[in-house]
Amino acid sequence: MIMDGNGRWAKKRFLPRVAGHAQGFERVRNIVEVCLDRGIEYLTLFAFSSENWRRPQDEVSRLMGLFVMALESQVTHMHRNGVCLHVVGDLSRFDARLRELIREGEERTRDNNRLTLTICANYGGRWDVLNAVNSWLRDNPGAPAINEEDLAPYLSLPYAPEPDLFIRTGGEQRISNFLLWQLAYSELYFTDTLWPDFDAAQLDLAIASYRKRERRFGRTSEQLLER
Ligand code: FPP
């Protein structure tokens, strides 16, 4: 999911943008509960892109504060509910406290398997692919070429299947450098609803839309009927 529209949600209420992010965090908590309830096994959220550093300094530091608070307050609750937490992206730019909380949260929840929650932070799809290729080249010096199967274990989410459904809130119809490789066959769903307003009923609408679609993976409809 790309959680877009926090700023506009706040602006409509004459509130500062950070109030929209705080409400966005409340929505994250709610949507995780809804996914647990609906039996969804993998949820991947784009929380901070590599381009988001360009935002005003105050907004960036308030977002970092929100991530710290989220980890401090939620990991115990996640653990009790069987959530396995992963945070992926270039974490080297985050401060030591945040990196330590991420490490502890991942370590504590690593054996849970009810819902695998991945937070993409300082993440970019192109970074993910390049990072994977470079890591593979380091492990395979002098190899003539790399193929798809070689790359998969080097990408940021080797533990997760490719997404069935991509959801972007907030009205824009773009992938914006999210999971470029992994979204190759995903169904795309865009809604004008702003992220803080994206509730259980909205998620159910997205799932209903997904269920109506025919996933052909390049085959014809007739071939699918024969299988
Ligand atoms: C996009 O809205 C949202 C973000 C860049 C930040 C996402 C963060 C959260 C939902 C809160 C915390 C999340 C976690 C996982 C702890 P925008 O600011 O671009 O909105 P706009 O397009 O209306 O300006």
Side-chain angles (χ1 to χ4, degrees), residues 1-36 40 42-79 81 83-91 93-95 97-106 109 115-125 127 156-157 160 166-179 190-199 202-203:
M1 290 186 186
I2 295 188
M3 309 178 285
D4 203 3
N6 293 347
R8 278 164 287 161
W9 184 93
K11 196 172 174 200
K12 281 204 320 202
R13 289 162 179 78
F14 305 102
L15 295 168
R17 293 179 58 80
V18 290
H21 295 316
Q23 198 60 33
F25 165 61
E26 292 306 318
R27 187 54 74 193
V28 169
R29 286 181 355 129
N30 168 242
I31 287 295
V32 168
E33 300 293 328
V34 177
C35 286
L36 282 165
I40 290 167
Y42 293 88
L43 173 64
T44 303
L45 301 174
F46 205 2
F48 195 85
S49 74
S50 15
E51 290 76 30
N52 284 150
W53 296 107
R54 296 183 198 140
R55 293 192 173 207
Q57 176 57 44
D58 179 54
E59 183 175 343
V60 170
S61 58
R62 298 289 286 272
L63 270 170
M64 294 302 140
L66 200 54
F67 296 151
V68 168
M69 183 277 288
L71 285 159
E72 285 175 342
S73 66
Q74 296 306 306
V75 168
T76 298
H77 183 66
M78 285 194 272
H79 186 46
N81 282 285
V83 175
C84 171
L85 175 70
H86 290 267
V87 182
V88 305
D90 180 3
L91 305 185
R93 209 169 152 184
F94 294 125
D95 73 26
R97 168 94 184 117
L98 184 49
R99 277 185 281 139
E100 181 56 17
L101 283 168
I102 290 170
R103 199 196 59 74
E104 282 171 15
E106 289 183 331
T109 62
L115 170 68
T116 299
L117 172 65
T118 302
I119 306 292
C120 296
N122 197 19
Y123 174 89
W127 167 85
S156 286
L157 291 93
F166 160 95
I167 298 174
R168 179 173 187 150
T169 63
E172 309 289 350
Q173 304 204 351
R174 285 192 291 273
I175 306 284
S176 296
N177 202 16
F178 194 29
L179 304 163
F190 299 95
T191 170
D192 289 337
T193 303
L194 305 176
W195 173 252
D197 294 326
F198 188 80
D199 59 11
Q202 295 282 331
L203 179 61

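In each ligand, atom 1 is the first atom listed, and ligand 1 is the first ligand listed. We number each residue from 1, following the sequence as shown. Side-chain atoms are counted along with the backbone in the values below, which use heavy atoms only and exclude waters and symmetry mates.
- Of the polar atoms of Ala70, none of the N or O atoms is found under 3.5 Å from an N or O of ligand 1, judged by distance alone.
- Those atoms of ligand 1 with a heavy atom of Asn52 less than 4.0 angstrom away are 5 (C).
- Judged by the shortest distance from any of its heavy atoms, Arg27 lies outside the 4.0 Å radius around the atoms of ligand 1.
- In this structure a side-chain-to-backbone donor-acceptor pair under 3.5 Å is missing from Asn81 to Val83.
- In this structure, the side chain of Ser50 does not engage the main chain of Asn122 through any donor-acceptor pair within 3.5 Å.
- Heavy-atom contacts from other residues, nucleotides or ligands closer than 6.0 Å to CZ of Arg62 number 12 or fewer.
- In this structure, the protein non-hydrogen atom closest to atom 9 (C) of ligand 1 is Asn6 ND2, 3.7 Å.
- Residue contacts with ligand 1 do not include Gly170, since none of its heavy atoms lies under 4.0 Å from the ligand.
- Atoms of ligand 1 lying under 4.0 Å from any heavy atom of Gly7, numbered from 1 in the order shown and given with element: 17 (P), 18 (O), 20 (O), 21 (P), 23 (O), 24 (O).
- Taking the six-membered ring for Trp, Phe67 and Phe25 have ring centres at least 6.0 Å apart.
- Atom CD of Glu51 sits about 8.0 Å away from atom OG of Ser176, to the nearest 0.5 Å.
- When each atom of ligand 1 is checked for a heavy atom of Met3 under 4.0 Å away, the hits are 1 (C), 2 (O), 3 (C), 10 (C).
- Of the heavy atoms in Phe67, only side-chain atoms (C-beta onward) come closer than 4.0 Å to ligand 1.
- A donor-acceptor contact shorter than 3.5 Å is absent between the side chain of Trp195 and the backbone of Thr169.
- Nearest non-hydrogen protein atom to atom 11 (C) of ligand 1 is His21 O, 3.5 Å.
- The only option from His21, Gln23, Arg27 that meets the side-chain hydrogen bond (donor to acceptor under 3.5 Å, both in side chains) definition with Asn6 turns out to be His21.
- Arg99 contributes a side-chain N or O that, together with a main-chain N or O of Phe94, makes up a donor-acceptor pair within less than 3.5 Å.
- Considering only residues two or more places apart in sequence or on other chains, Ala22 meets the side-chain contact (heavy atoms from CB on, under 4.5 Å) condition with none of them.
- The shortest N or O to N or O distance between Asp4 and ligand 1 is under 3.5 Å.
- With ligand atoms numbered from 1 in the order given, ligand 1 contributes 6 (C), 7 (C), 8 (C) to contacts under 4.0 Å with heavy atoms of Ala47.
- For Gly5, a nitrogen or oxygen atom sits less than 3.5 Å from a nitrogen or oxygen atom of ligand 1, counting backbone and side chain alike.
- No donor-acceptor distance shorter than 3.5 angstrom exists from the side chain of Glu26 to the backbone of Pro196, with no hydrogens or angles considered.
- In terms of protein heavy-atom proximity, atom 15 (C) of ligand 1 is nearest to Ile119 CD1, 3.9 Å.
- When heavy-atom distances to ligand 1 are checked against a 4.0 Å cut-off, Leu194 has no atom that comes that close, whether in backbone or side chain.
- The shortest separation from a heavy atom of Arg55 to ligand 1 is under 4.0 Å, placing the residue in contact.
- Under the salt bridge (charged side-chain N to carboxylate O under 4.0 Å, His left out) criterion, Arg168 pairs with Asp4, not counting sequence neighbours.
- Using a 4.0 Å cut-off to heavy atoms of Arg8, the atoms of ligand 1 that qualify are 21 (P), 22 (O), 23 (O).
- The closest approach between Leu45 and ligand 1 stays at or above 4.0 Å for every heavy atom of the residue.
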